[in-house]
Amino acid sequence: MPNYIHPKVPGATVFFTVNLADQRSDLLVREVDLLREAVRVTRAERPFRIEAWVELPDHLHAVWTLPAGDADYAVRWGAIKARFTRRLRDGCRVGWNLTLRKSRSKVRKGDAGIWQRRFWEHHIRGEEDFAACVGYCHTNPVKHGLVERPRDWPWSSVHRT
């Protein structure tokens, strides 16, 4: 298995894509309150600024700015994923399915099988890149045919602008 090396740039602004393991799932919009609580608690412990955010049924996109002197976004994503998964499990929430197909590796590591293990990140390089990434977040529900206009999607930071 390859070793993925994430750039360590303190105070960086970074675009992310984070996926559920089951790309047919609607868990992220069905359990949006649990996800937002996981983000809120994580931000209280390890602050970061959310520049843009969109939750789709099976994945999300986000643009974060980390604090000066801090480059550890991977720990934050790990905490968000773990908190969300624990709340699903502990609350026996709809969507928790102990029969999810899991690889031997996920079983060995105690992985619940909800999330893809990794995430995609892109360090933003300038104002044009920032605008493009924020725009991508806001227009992604349209791209996926979920709505006709970005403002019609309720789980998006487009409503903040």
Side-chain angles (χ1 to χ4, degrees), residues 1 4 6-8 12-67 70-124 133-134 136-147 150 152-160:
M1 173 172 274
Y4 292 96
H6 299 287
K8 302 285 187 205
T13 300
V14 186
F15 171 82
F16 300 98
T17 300
V18 182
N19 294 291
L20 292 177
D22 181 359
Q23 294 183 336
R24 298 162 298 165
S25 176
D26 67 349
L27 187 62
L28 293 181
V29 294
R30 202 167 9 105
E31 298 293 351
V32 68
D33 292 336
L34 290 183
L35 180 59
R36 289 183 176 186
E37 176 67 10
V39 171
R40 187 191 65 71
V41 172
T42 301
R43 286 180 74 196
E45 290 177 356
R46 294 180 175 267
F48 59 93
R49 188 169 63 241
I50 297 174
E51 309 290 356
W53 185 278
V54 64
E55 296 156 23
L56 289 94
D58 65 337
H59 69 284
L60 64 88
H61 299 288
V63 177
W64 292 358
T65 298
L66 297 171
D70 189 339
D72 204 351
Y73 52 82
V75 166
R76 288 167 171 87
W77 277 119
I80 290 166
K81 289 176 170 185
R83 283 187 172 101
F84 178 77
T85 301
R86 276 194 306 270
R87 289 289 308 274
L88 281 172
R89 180 195 64 215
D90 294 347
C92 296
R93 303 284 298 210
V94 173
W96 182 254
N97 181 354
L98 296 177
T99 62
L100 287 170
R101 291 185 58 217
K102 296 187 269 185
S103 67
R104 279 183 281 200
S105 172
K106 285 189 177 211
V107 170
R108 187 173 61 251
K109 293 179 180 185
D111 189 313
I114 302 262
W115 299 97
Q116 285 186 2
R117 192 168 292 145
R118 292 184 170 63
F119 54 85
W120 187 85
E121 96 280 336
H122 163 74
H123 280 66
I124 293 177
C133 290
V134 169
Y136 186 85
C137 287
H138 293 163
T139 60
N140 205 248
V142 176
K143 173 187 168 195
H144 286 281
L146 299 168
V147 291
D152 295 337
W153 188 249
W155 303 291
S156 170
S157 63
V158 73
H159 303 288
R160 292 189 324 198

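Keep in mind it's a predicted model, so treat the numbers as computed, not measured.
- Panel note: side chain Arg86, backbone Lys81; no donor-acceptor pair is recorded below 3.5 Å.
- Between Val158 and Pro150, the closest heavy-atom pair is CG1-O, 3.6 Å.
- Atom CH2 of Trp53 is separated from atom CH2 of Trp155 by 14.5 Å, given to the nearest 0.5 angstrom.
- Side-chain atoms of His59 and Thr17 form no donor-acceptor pair, as typed in the model, at a separation below 3.5 Å.
- Contact annotation: the side chain of Ile124 approaches that of His122 to within less than 4.5 Å [non-hydrogen atoms, C-beta and beyond].
- Of the charged side-chain nitrogens involved, at least one lies within less than 4.0 Å of a carboxylate oxygen, so that Asp70 and Arg76 count as a salt-bridged pair.
- Thr42 is listed as a side-chain neighbour of Arg83, based on a closest heavy-atom distance under 4.5 Å.
- Of all the heavy atoms in Asp58 and Ser25, the pair that sits closest is CB-O, 3.5 Å.
- With a 4.5 Å cut-off on side-chain heavy atoms, Val75 and Arg46 count as touching.
- A salt bridge does not link Glu45 to Arg43: none of the charged nitrogens lies less than 4.0 Å from a carboxylate oxygen.
- Between Ala62 and Cys137, the closest heavy-atom pair is N-SG, 4.0 Å.
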Fill in: Working for side-chain contact (heavy atoms from CB on, under 4.5 Å), residues Phe84 and Val39
CA-CA 9 Å; Phe84 178 77; Val39 171; over 6 Å; no
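- Here the OG atom belonging to Ser157 is positioned 9.5 Å from the CD atom belonging to Glu51, to the nearest 0.5 angstrom.
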Discussion item. Would Thr13 and Trp64 count as a side-chain hydrogen bond (donor to acceptor under 3.5 Å, both in side chains) here? Give the steps.
Written reply: CA-CA 5 Å; Thr13 300; Trp64 292 358; over 6 Å; no
Discussion item. Is there a side-chain contact (heavy atoms from CB on, under 4.5 Å) between Glu121 and His123? Walk through the geometry before answering.
Written reply: CA-CA 7 Å; Glu121 96 280 336; His123 280 66; 4.3 Å; yes
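- Heavy atoms only, all atoms of each residue included: Arg36 and Pro154 are closest at NH2-O, 4.3 Å.
- Atom CD of Glu31 and atom CG of Leu88 lie 5.5 Å apart (nearest 0.5 Å).
- What you find for Thr85 and Trp115 is that their closest heavy atoms are OG1-NE1, 3.2 Å.
- In this structure, the side-chain contact (heavy atoms from CB on, under 4.5 Å) partners of Asp26, at least two apart in sequence or on a different chain, are Val29, Arg30, Pro57.
- Aromatic ring centres of Phe119 and His61: separated by at least 6.0 Å.
- Between atom CG of residue Leu56 and atom CG of residue Leu146 there is a gap of 6.0 Å, rounded to the nearest 0.5 Å.
- Once rounded to the nearest 0.5 Å, the distance linking CH2 of Trp153 with NE2 of His144 reads 10.0 Å.
- Counting only heavy atoms from C-beta outward, the side chains of Leu27 and Ile114 approach each other to under 4.5 Å.
- When all heavy atoms are compared, the tightest approach of Asp72 to Leu66 is N-CD1, 4.2 Å.
- The closest side-chain heavy-atom distance from Val18 to Trp77 is below 4.5 Å.
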Worksheet item: Should Val142 and Val147 be marked as a side-chain contact (heavy atoms from CB on, under 4.5 Å) after you check the CA-CA gap, both sets of side-chain angles, and the distance that decides it?
Response: CA-CA 5 Å; Val142 176; Val147 291; 4.0 Å; yes
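- In this structure, the separation between CD1 on Ile80 and OH on Tyr73 is 13.5 Å, given to the nearest 0.5 Å.
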